[in-house]
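Before any comments, here is the structure.
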Amino acid sequence: MLKIYNTLNNQKEEFQPIDANQVGIYVCGMTVYDLCHMGHARVMVMFDVITRHLRRNFPNVKYVRNITDIDDKIITRAIENNEDIYSLTNRFIDAMHEDEQSLGVLSPDIEPRATDSIDKMIDMIESLSKKGLAYQGTNGDVFYSVRKFKEYGKLSGKNLDDLVAGARVDVENHKKDPLDFVLWKKAKSGEPSWPSPWGNGRPGWHIECSAMSNHFISNHFDIHGGGMDLTFPHHENEIAQSEGANNCTFVNTWMHVGFVNIDDEKMSKSLNNFFTIRDVLKKYDGEALRYFLISSHYRSPLNYSETNIESAQSALIRLYNAIKGLNHNSVDSSLLEVDYEARFNAALNDDFNTPMALSVLFEIAKQINIERAANPNKANTLSSQLVQLGNNLGILNYNADEYLKRGSELSESEISKKINQREAARNSKDFTMSDQIRDELLELGIILEDSINGTTWRRK
RNA sequence: GGCUGGGUAGCAAAGCGGUUAUGCAGGGGCCUGCAAAGCCUUUUAGACCGGUUCGACUCCGGUCCCAGCCUCCA
């Protein structure tokens with residue numbers, strides 16, 4: 001039984017799909033005007049883990065993650081670069097897809113671009129207009145009348161008077177109420193625009209997610225997710241738009257992923273304390289990064305530091321060391337005295353507890369190391385189980401030997417040559433020479449391991 | 001100010017009202033020519049104050065501290 005923490009009521013509840021044959025999940029994706037940073041990586045990886053788990057438990061899962069390819073920042077950046085918005089956004093969409101591949105993230109089923117769904121957004125705004133929930137302001141923009149939607153604030157636990165008292169809301173005199181938010185922005189000259197009943201313009205940010213989730217999944221669907229910073233106002237506004245237009249519940253379960261922090265502060269563009277995925281991949285491999293991202297629970301803050309990533313890398317190497325040299329083609333459950341798979345699944349069923357799931361992997365690894373010499377069949381089956389469960393989390397995707405040798409600066413033949421020289425020295429008991437060769441290789445990041453089957457090497 | 005979370009051993013990070021989390025790092029041992037890997041073993045916990053309980057890190061109340069949202073943000 002899967003339990004998910006729902007932001008709507010701030011508690012874990014049993015996940016009951018609207019239709020068990022077709023689970024729908026929508027995640028707010030990126031605004032593509034720049035490279036993705038580690039915070040984006042966390043959202044991509046976590047929802048990848050989540051959808052993989054859903055797919056193992058339900059026959060059909062429709063995972064939609066949008067691409068925001070029109071907004072103020074995109075327009076500003078395109079002007080700065082003196083380029084067309086589509087050439088800008090296409091470039092960063094490609095970059096995003098490359099980053100996802102590096103992190104082992106599977107593609108969503110649908111990745112709708114906002115600019116392909118402008119008509120759906122216009123339809124929705126018209127419907128809101130007809131219901132008296134939207135109006136055109138004195139500047140030509142179309143706004144949502146927040147006070148007319150009685151349940152506004154139910155997701156983030158805010159009440160309207162507190163918001164006004166907070167006084168950080170924009171005081172714009174072309175709105176009827178400072179809390180109202182933009183549905184459609186009138187185009188200024190030279191800006192990209194689309195025709196609409198309110199004149200040429202472009203959509204406000206929030207409307208795209210309402211329109212596209214309704215269109216590509218349904219007016220009422222199972223799970224909607226994103227980063228925690230989207231809870232308010234973005235998701236609150238989506239609820240107002242969708243429920244206002246459709247007169248039905250929009251989403252049953254709201255999921256929000258915690259931030260990646262630096263020195264206990266949120267990583268963000270405005271604080272300029274962010275690391276792009278590419279920056280980090282220059283130094284660490286994608287799977288280690290993925291391990292780092294799933295090593296804490298998705299709702300907790302995750303502190304970015306090189307030490308923490310290096311520790312993740314070491315942990316991952318321990319798993320690869322365990323499966324190295326074993327066959328992992330099939331699980332013979334009669335050889336297993338512990339039902340690791342059940343425990344692994346129970347961990348993920350408890351609100352996607354990835355740290356708990358990982359701890360099961362380490363128990364298997366330890367068991368493999370204990371059994372591998374005396375009981376190869378058992379070691380092989382444990383290894384198969386470990387790889388299978390690791391794959392469920394999107395790790396252990398590589399052949400162990402290849403992974404452990406990844407990115408070596410020396411070629412295999414150069415290393416073999418050194419190993420052979422050292423072997424000769426060892427055979428003649430010239431341990432000074434043999435240790436010297438080992439030290440030279442270690443300087444180059446190559447660790448030698450002697451065993452009864454000869455000497456093997458791996459990357460530090 | 002309003003609304004969310006959270007404070008766990010050297011670091012990271014979970015579960016759990018009483019029994020080893022787990023990983024990294026450190027100590028001791030085994031193995032090894034010596035190492036590495038691995039195995040065995042071991043040291044460091046639960047912000048603070050009350051309460052409930054036979055028993056609380058775990059439940060309840062309070063205090064202090066931290067982060068996030070309330071403005072674009074994953």
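Here is the naming used below: chain letters follow the sequence lines, and residue numbers restart at 1 for every chain. Every heavy atom of this structure was used, including side-chain atoms; hydrogens, water molecules and symmetry mates were not.
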By the 4.0 Å heavy-atom rule, please label [X] as base, sugar-phosphate, or nothing.
| X | value |
| --- | --- |
| H37(A) | base |
| F431(A) | base |
| Y298(A) | nothing |
| F259(A) | base |
| R65(A) | nothing |
| R458(A) | sugar-phosphate |
| G39(A) | base |
| L448(A) | base |
| S296(A) | sugar-phosphate |
| G153(A) | nothing |
| M44(A) | nothing |
| V27(A) | nothing |

Considering Watson-Crick and G-U wobble pairs with both distances under 3.5 Å, what does [N] pair with?
| N | answer |
| --- | --- |
| C39(B) | G29(B) |
| A47(B) | U63(B) |
| A74(B) | none |

Notebook entry, point to check: Does K158(A) get its side chain close enough to the base of C70(B), under 3.5 Å, for a donor-acceptor pair?
Noted result: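 No, no donor-acceptor pair under 3.5 Å.
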Check: Do R438(A) and A35(B) share a donor-acceptor pair, side chain to base, under 3.5 Å?
Finding: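 Pair found.
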If I pick the [atom1] atom on [M] and the same atom on [N], what distance separates them, to the nearest angstrom?
| N | M | atom1 | value |
| --- | --- | --- | --- |
| U8(B) | A13(B) | C1' | 9 Å |
| G62(B) | U19(B) | C1' | 32 Å |
| C31(B) | C24(B) | C1' | 23 Å |
| U22(B) | C60(B) | P | 27 Å |
| A37(B) | G26(B) | P | 10 Å |
| G5(B) | C59(B) | P | 14 Å |
| G33(B) | G27(B) | C1' | 25 Å |

Next item on the list: May I ask you to decide if the ring planes of H224(A) and W254(A) are parallel, tilted or perpendicular, using 30° and 60° as cut-offs?
Entry: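 Rings of H224(A) and W254(A): parallel, as their planes differ by under 30°.
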Next item on the list: On the 0 to 90° scale, with breaks at 30° and 60°, tag the Y403(A)-Y320(A) ring pair as parallel, tilted or perpendicular.
Entry: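 Rings of Y403(A) and Y320(A): parallel, under 30°.
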Distance check: side-chain N/O of [X] vs OP1/OP2 of [N], anything under 4.0 Å?
| X | N | answer |
| --- | --- | --- |
| N10(A) | G5(B) | yes |
| R318(A) | C39(B) | yes |
| K266(A) | C69(B) | yes |
| K366(A) | C40(B) | yes |
| S300(A) | A14(B) | yes |
| N369(A) | C39(B) | yes |
| Y320(A) | A37(B) | no |

Check: Where the side chain of N353(A) is concerned, which of C34(B), A14(B), C24(B) is the nearest nucleotide?
Finding: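 In terms of side-chain proximity for N353(A), the closest of C34(B), A14(B), C24(B) is A14(B).
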Note to self: The side chain of V260(A) is closest to which nucleotide in this list: A13(B), A74(B), G68(B)?
What the structure shows: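 The nucleotide sitting nearest to the side chain is A74(B).
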Checklist line | Under 3.5 Å side-chain donor-acceptor pair for S311(A) and N308(A) | finding: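 Looking only at side-chain atoms, N308(A) and S311(A) do not form any donor-acceptor pair under 3.5 Å.
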Note to self: Pairing donors with acceptors under 3.5 angstrom, does anything connect the side chains of N273(A) and E265(A)?
What the structure shows: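 E265(A) and N273(A) do not have a side-chain donor-acceptor pair below 3.5 Å.
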Expressed as a whole number of angstroms, how long is the span from [X]:[atom1] to [N]:[atom2]?
| X | N | atom1 | atom2 | value |
| --- | --- | --- | --- | --- |
| L441(A) | A36(B) | CG | C1' | 13 Å |
| Q367(A) | C40(B) | CD | C1' | 14 Å |
| D161(A) | C3(B) | CG | P | 13 Å |
| D435(A) | A36(B) | CG | P | 12 Å |
| L302(A) | A74(B) | CG | C1' | 13 Å |
| F362(A) | U22(B) | CZ | C1' | 7 Å |
| R422(A) | A35(B) | CZ | P | 13 Å |
| E423(A) | A35(B) | CD | C1' | 14 Å |

Checklist line | Ring-face cation contact, Y5(A) with R299(A), 6.0 Å cut, 45° max | finding: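 Yes, R299(A) and Y5(A) form such a contact.
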Notebook entry, point to check: A41(A) and L103(A): which non-hydrogen atoms are nearest, and at how many Å?
Noted result: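 It is CB-CD1, 3.7 Å.
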Item checked: Closest non-hydrogen atom pair, A134(A) against V142(A) ->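 Between these two residues, the closest heavy atoms are CB-CG1, 4.2 Å.
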Note to self: Check E440(A) with R422(A), please: is the shortest side-chain N to carboxylate O separation under 4.0 Å?
What the structure shows: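 Salt bridge flag = no for E440(A) with R422(A).
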Next item on the list: Within residues 385-399 of chain A, find the residues that approach RNA chain B with a heavy atom at under 4.0 Å, and present them sorted by residue number.
Entry: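 Listed by number, there are none.
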Next item on the list: Please round to the nearest 0.5 Å and tell me the distance separating atom CD of E402(A) and atom CG of N397(A).
Entry: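 Between E402(A) CD and N397(A) CG, I get 12.0 Å after rounding to 0.5 Å.
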Margin query: Does anything in residues 229-242 of chain A form a salt bridge (Lys or Arg N to Asp or Glu O under 4.0 Å)? List the pairs, not counting sequence neighbours.
Written below: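 For residues 229-242 of chain A, and leaving out neighbouring residues, the salt bridge (Lys or Arg N to Asp or Glu O under 4.0 Å) pairs sorted by first residue read D229(A)-K266(A).
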Note to self: Could you check whether F221(A) and F250(A) have their ring centres less than 6.0 Å apart?
What the structure shows: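 F250(A) vs F221(A): aromatic centres under 6.0 Å.
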